[in-house]
Amino acid sequence: MSKRVKVEEANNSAFNIGCLAPFLFLPGFLFFIWFRDTSSRKWLNNELVELGIGDFNGYAALILLIGIPLLTCIPATLLARRSKIKSQQLRNNKIDLEKIHALYLRPYYTDSNISIPNPFYSMWSGGVSLETPALNPEEFVARVLERHLNIYAFGGNNKTVGMGRATAPNLDWQFGVTESIKKACFIVIFPYLSQLPNSNQISGLSTLWELNQVANLGKLDRTIAIMPCHYWYNRKKIRDNWEKTCEKALEFGVILPKYNNKGCMVTFEYKDELWKPLKIFGDDGIYRQKRLARGLIEALFFLSERFNIKLNEDS
């Protein structure tokens, strides 16, 4: 892309955090701002001395600076998350298949077991934020793409924050997914296999079936595949699981790129009777927090230009 895209929240976002969370958050935030000032700390120190509590050193000041805001920020963040979960029906009602829309396909367990850096969280906030440093993949995809087009998924975990979710007709999810693939302008898929601990059972095979359907229906050229990034505690697990996913995808003619540690967004082309990576986004840049989000938007813009499909006006 010639122009660097911006990662911004949608106007009138359906991920409503309610009014109570910011109210609860405000005292801690104001204290954080006030206490950073040297004169404020000096005044507080003098008051403590007068009350007979005694002087406090630099470590005590640091504990106050971090501890008191966290006493209000952590409950406020949890409350904000709860509000977003409770507003799920609002997002379900906003599904509009008459407009330009995308379908999101993923293994359900990734909604609670995989994390992607939250592009709306500031690393400079010092934790004093209603945003969490990471999001589950479904919320990540929904919030990043919300201002550009309507995107929805089939089913999901009602204990996690998600996008608009539809129910398959007659509870036949395979039929519902197949019909939705046919109608979708774009598809975002998170192909990811995982072996359960102390078991030979593999999770995520349903999403590989969906990837196969997308390929068979000739719509992989309108698809963005997500390669997850890893954290220090799950590097080997993510890499090994991605390699398993690549091996399985190759069985039905889809080549996924090798794992690159940073994660990325992959688009495809059909060449030599195989679906191969066409262009990769989001694997460069040093700012981890927004790298994958920018890659997802750039991949969407690339596909919209490729197929001459106009996105929402605020894109």
Side-chain angles (χ1 to χ4, degrees), residues 7 9-10 13-18 21 74 76-92 94-95 102-123 127 129-148 150-166 187-194 196-197 203-204 206-207 210-211 224-235 237-238 241-242 245 262-265 282 288-297 299-300:
V7 182
E9 287 265 33
S13 174
F15 291 85
N16 185 10
I17 63 171
I74 291 177
T77 302
L78 295 174
L79 187 60
R81 179 179 179 276
R82 182 181 178 186
S83 296
K84 286 190 287 186
I85 291 174
K86 290 179 70 174
S87 61
Q88 181 63 50
Q89 190 58 47
L90 170 65
R91 295 189 288 277
N92 294 347
K94 290 185 73 172
I95 296 175
L103 174 67
Y104 177 57
L105 303 170
R106 85 292 189 201
Y108 288 164
Y109 73 90
T110 61
D111 295 348
S112 56
N113 291 321
I114 298 291
S115 296
I116 294 180
N118 180 358
F120 308 110
Y121 174 83
S122 172
M123 297 296 291
S129 172
L130 284 173
E131 294 286 354
T132 55
L135 300 174
N136 75 68
E138 186 183 357
E139 182 182 357
F140 168 83
V141 171
R143 290 179 62 188
V144 170
L145 297 186
E146 186 181 18
R147 71 188 299 262
H148 303 294
N150 196 284
I151 184 165
Y152 75 103
F154 268 102
N157 186 342
N158 60 12
K159 294 183 180 180
T160 61
V161 181
M163 61 183 66
R165 294 167 178 165
I187 297 155
V188 181
I189 189 167
F190 186 4
Y192 187 77
L193 297 179
S194 178
L196 298 177
S203 296
S206 59
T207 305
E210 292 166 342
L211 180 65
I224 302 167
I226 300 173
M227 176 196 292
C229 62
H230 68 76
Y231 292 83
W232 63 268
Y233 57 86
N234 64 0
R235 177 176 181 175
K237 178 181 178 182
I238 295 289
N241 287 342
W242 184 258
T245 306
K262 293 181 177 181
C264 64
M265 303 293 160
R288 174 188 176 95
Q289 205 65 30
K290 291 192 176 185
R291 186 170 56 222
L292 286 179
R294 283 200 180 100
L296 180 56
I297 297 172
L300 178 66

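Just so you know, these numbers use all the heavy atoms, side chains as well, and skip hydrogens, waters and symmetry mates.
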Would you say the side chains of E139 and T160 form a donor-acceptor pair under 3.5 Å? no
Find out whether F140 and P119 are in side-chain contact, i.e. whether some heavy atom of one side chain is under 4.5 Å from a heavy atom of the other. yes
Mutual orientation of the aromatic rings belonging to F190 and Y192 [parallel < 30°, tilted 30-60°, perpendicular > 60°]: tilted
One should read off an interatomic distance between K159 NZ and D111 CG, to the nearest 0.5 angstrom, of 13.5 Å
Go through the structure and list residues passing salt bridge (charged side-chain N to carboxylate O under 4.0 Å, His left out) with E210, not counting sequence neighbours. none
Enter the distance from I297:CD1 to K290:NZ here, rounded to the nearest 0.5 Å. 9.5 Å
Does some side-chain heavy atom of Y152 sit less than 4.5 Å from a side-chain heavy atom of R91? no
Does a side-chain heavy-atom distance below 4.5 Å link R288 with C229? yes
Find out whether the Lys NZ or Arg CZ of R143 is both under 6.0 angstrom from the six-membered ring centre of Y121 and within 45° of the ring's axis. no
Are side-chain heavy atoms of L103 and F154 found at a separation under 4.5 Å? yes
Pick from L193, N113, T207: which one makes a side-chain contact (heavy atoms from CB on, under 4.5 Å) with P107? T207
Compare all side-chain heavy atoms of S13 with those of E146 and state whether any distance is below 4.5 angstrom. yes
Do you know which two heavy atoms are closest between P191 and L211, and how far apart they sit? CB-CD2, 4.3 Å
Check whether any side-chain heavy atom of L292 sits under 4.5 Å from a side-chain heavy atom of M265, and report yes or no. yes
